[in-house]
Structures are given as C-alpha cells and as structure tokens.
Amino acid sequence: MRILHVVGARPNFPKLAPVYRAAAAVGIQQLVVHTGQHYDDQLSGAFFRDLGISPPDLNLTVGSGSHAVQTARIMERIEPVLETERPDWVVVYGDVNSTAAAALVAAKLGLRVAHVEAGLRSNDRSMPEEINRLVTDRLADLLLTPSRDADESLRREGEPDDEIVFVGNVMIDSLFHALPAAMGTGFRSSLGIDGDAVVVTLHRPSNVDSAERLAAIVDALREIADERPVVFPVHPRTRQRLTTMGLDLGKVRALEPISYLEMLDLVVAAHVVITDSGGLQEETTALNVPCLTVRENT
Ligand code: UD1
C-alpha cells in the first residue's frame with residue numbers, strides 16, 4: 001500500500017502528523033507533497049519540526065496568487081507527480097486551495113482520494129474554504145469525518161454511507177501529542193505573561209480585507225488592551241492590511257506568526273482566545289479555554 005499526502009498551508013500540517021505516524025506504524029509507504037501554498041518558515045517549515053515529522057519529500061513551490069492562479073499552478077505541478085507515482089490513495093486535508101486542487105487532479109487521473117476532515121460546512125459560499133470543501137467532498141472516494149454532524153451533512157448531500165467513515169478530529173490528536181513539548185517551550189514566560197492574557201488571531205478575508213471591519217476590530221482590541229495583556233501573532237495577510245490601512249494597535253502586543261508549540265503554550269493558559277480560525281475554535285474547546293469567534297457563522 002502506497003499513499004501520497006498533499007498538504008500546502010498552515011492548518012494542514014497538524015492534521016497530517018497523526019495520520020502519517022499511524023500509517024508509518026503499520027508499514028504503509030508514504031510520500032508527502034507540499035504544494036508550497038505557504039512558504040514562510042513560520043507558516044510551514046517550523047510546523048514540520050514542531051510536529052516531529054520529516055520535511056516533505058517534494059515541494060511544488062507554487063507560492064501566493066489569486067485563487068485561480070494558485071489553484072491552477074498547483075494542478076499543473078501536481079499532475080506529473082501523481083502520474084509518475086500513481087499511489088493507491090491520495091490523501092488531502094482540510095479546506096485550503098491545495099486540498100481542492102489536488103483532489104480535482106487525482107480524481108481525473110482515476111486515483112482514489114481520501115479527504116481528512118470531510119463534511120464540515122459553514123453553509124456560506126462567500127468563504128473560499130466552503131467552495132473547496134464542497135468540491136473536495138464531491139470528488140473524494142473516502143470521506144473521513146471529524147464529527148457526527150459532518151456525517152449528516154454528507155448524507156444530506158447524497159454521499160453514499162459506505163464512503164463516510166467517522167474517525168474523529170485528528171488535529172486534536174496532534175494537540176494532545178504536542179502539549180507537553182509546548183508547555184516546555186517557556187514561550188509564555190518569555191513574554192512575561194502569566195495566564196491572564198487575551199490571545200488574538202485574525203486572518204479571514206471577511207475580517208481583514210474590509211477596512212471598516214478591520215478598523216472596528218482593532219478599536220475593540222485596543223480597548224481590551226487597556227485592561228489586560230493582549231497578544232496578537234499577526235498573519236502575513238493581516239499584517240499587509242494593517243500596514244496599508246495605517247491602523248495602530250496601541251497597547252496590543254503584535255508578534256510575527258509564532259510556531260505551533262509556542263501558540264499552544266499561549267492558548268493553554270489564555271484568559272480567552274479571540275479568533276476567526278476554525279482550528280483554534282476546536283483547540284480551545286478541547287482545552288476548555290473560552291473562545292470568542294469573530295465570524296458571522298461557524
Ligand atoms: C490560507 C487558507 C485558509 C487558512 C489559512 C491559514 C485558502 C483559500 N485559504 O489562507 O483557509 O485558514 O491559509 O493561514 O487556501 N503569505 C505570506 N507567506 C506565506 C504565505 C502567504 O506572506 O508563507 C501572504 C501572501 O501575501 C499571500 C497572503 O499571505 O498573498 C495570503 O496567503 P494565501 O495562501 O492566499 O491565503 P491565507 O490567507 O494564508
């Protein structure tokens with residue numbers, strides 16, 4: 001049995017790690033292809049080190065671009081790889097552009113596709129991720145779901161029962177695997193934070209691409225920062241918008257993107273997390289940390 005994993009962006013990597021480890025334990029041959037959708041070390045390479053998995057076997061270095069450009073580049077570059085390798089399964093993760101692009105190419109080559117984190121729905125097609133989820137789930141032959149409501153959504157959309165397998169949330173497997181190492185980083189204390197901090201992440205286009213909305217969020221964060229420490233690792237997309245719009249974060253502590261383990265060390269002891277990340281909503285739930293979600297639907 002040979003499987004080929006395709007990953008590309010930050011939220012994919014913690015989902016890959018437990019699947020990779022489990023497959024290795026039973027002697028399955030594996031190849032990891034990184035599309036290069038994310039390329040900054042803090043959004044990519046650092047995750048492989050933190051998660052204790054080998055670097056990808058191949059990087060397609062597609063880089064950034066509009067949705068069409070990025071998706072097309074991934075498709076062009078992954079097609080010859082899949083044609084040469086012809087694995088028994090192509091495994092794709094989550095809902096980023098790399099997920100949908102790889103699923104489309106694999107399906108057309110007649111390769112079997114397994115989707116890890118199938119069936120999640122926001123029912124909001126203005127989110128690029130929702131389009132990616134719908135496309136990927138239609139094409140996948142094996143739908144590995146994190147939750148029972150995901151099974152229901154897939155059945156409602158007409159997916160056959162024998163393709164849907166409830167496996168639970170692999171990102172939470174990664175979380176508990178990494179927690180001792182995360183707490184050993186001393187990251188929180190290096191920032192002088194002792195458990196009363198508000199941890200913020202924002203990167204959704206719906207929040208950061210609108211000047212009005214981003215300004216309102218920044219105002220709210222500045223107000224909170226008058227009362228208690230607010231730590232905000234800033235995604236590159238958000239950093240660009242803050243700079244272009246000339247927004248001042250006041251007392252909010254803006255950091256460069258931080259590593260997976262550093263983030264866990266912050267989150268596990270946070271007073272509250274304010275985020276628009278789907279993954280962090282799940283991680284805070286597993287850790288019993290309050291989470292305020294900055295989204296219209298979730
Ligand atoms: C992508 C995913 C999103 C996921 C997020 C996590 C899609 C459609 N979106 O959004 O679901 O939640 O990753 O981070 O797949 N950039 C860098 N360095 C990098 C990568 C990107 O500076 O390594 C900058 C570039 O200017 C780029 C921008 O960030 O244009 C956005 O990157 P992109 O991959 O298009 O989408 P994300 O917002 O990261």
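Atom set for the values below is all heavy atoms of this structure, side chains included, hydrogens, waters and symmetry mates excluded. Counting convention: from 1, in listed order, for ligands and their atoms alike.
Geometrically, ligand 1 and N132 share no nitrogen or oxygen pair separated by less than 3.5 Å.
Between P146 and A118, the shortest heavy-atom distance links the atoms CD-O, 3.3 Å. A114 approaches L144 most closely through the heavy-atom pair CB-CD1, 4.4 Å. Closest approach of P18 to V170, counting heavy atoms only: CG-O, 3.3 Å.
A donor atom on one side chain and an acceptor atom on the other are not found under 3.5 Å apart for H203 and S277.
Scanning all protein heavy atoms for the shortest distance to atom 7 (C) of ligand 1 gives Q37 NE2, 3.6 Å. Of the protein's non-hydrogen atoms, V96 CG1, 3.7 Å is the one closest to atom 2 (C) of ligand 1. The protein heavy atom nearest to atom 3 (C) of ligand 1 is E129 OE2, 3.2 Å. Protein heavy atom closest to atom 25 (C) of ligand 1, with residue, atom name and distance, is S64 OG, 3.3 Å. Considering only non-hydrogen protein atoms, atom 22 (O) of ligand 1 sits nearest to P236 CB, 3.1 Å. Annotation: atom 16 (N) of ligand 1 to nearest protein heavy atom, Y39 OH, 3.4 Å.
Contacts of P11 with ligand 1, taken as heavy-atom pairs under 4.0 Å, involve the side chain alone. Here D40 has heavy atoms under 4.0 Å from ligand 1 in both its backbone and its side chain.
Membership of the apolar cluster around L154 extends to L143, I164, as traced through chained side-chain contacts below 4.5 Å between ILVMFWY residues.
The CZ atom of F232 lies 11.5 Å from the CD1 atom of I258; values are rounded to the nearest 0.5 Å.
The residue among H203, Q240, M127, H38 with a heavy atom at the shortest distance from atom 4 (C) of ligand 1 is H203. The heavy atom nearest to atom 28 (C) of ligand 1, out of those in R237, Q70, R241, is found in R237.
For the side-chain contact (heavy atoms from CB on, under 4.5 Å) with V268, the lone residue among E283, M263, R188 that qualifies is R188.
Near N97, meaning under 4.0 Å from one of its heavy atoms, ligand 1 places the atoms 7 (C), 8 (C), 15 (O).
Looking only at distances, a side-chain donor or acceptor of T99 sits under 3.5 Å from a matching main-chain atom of Y93.
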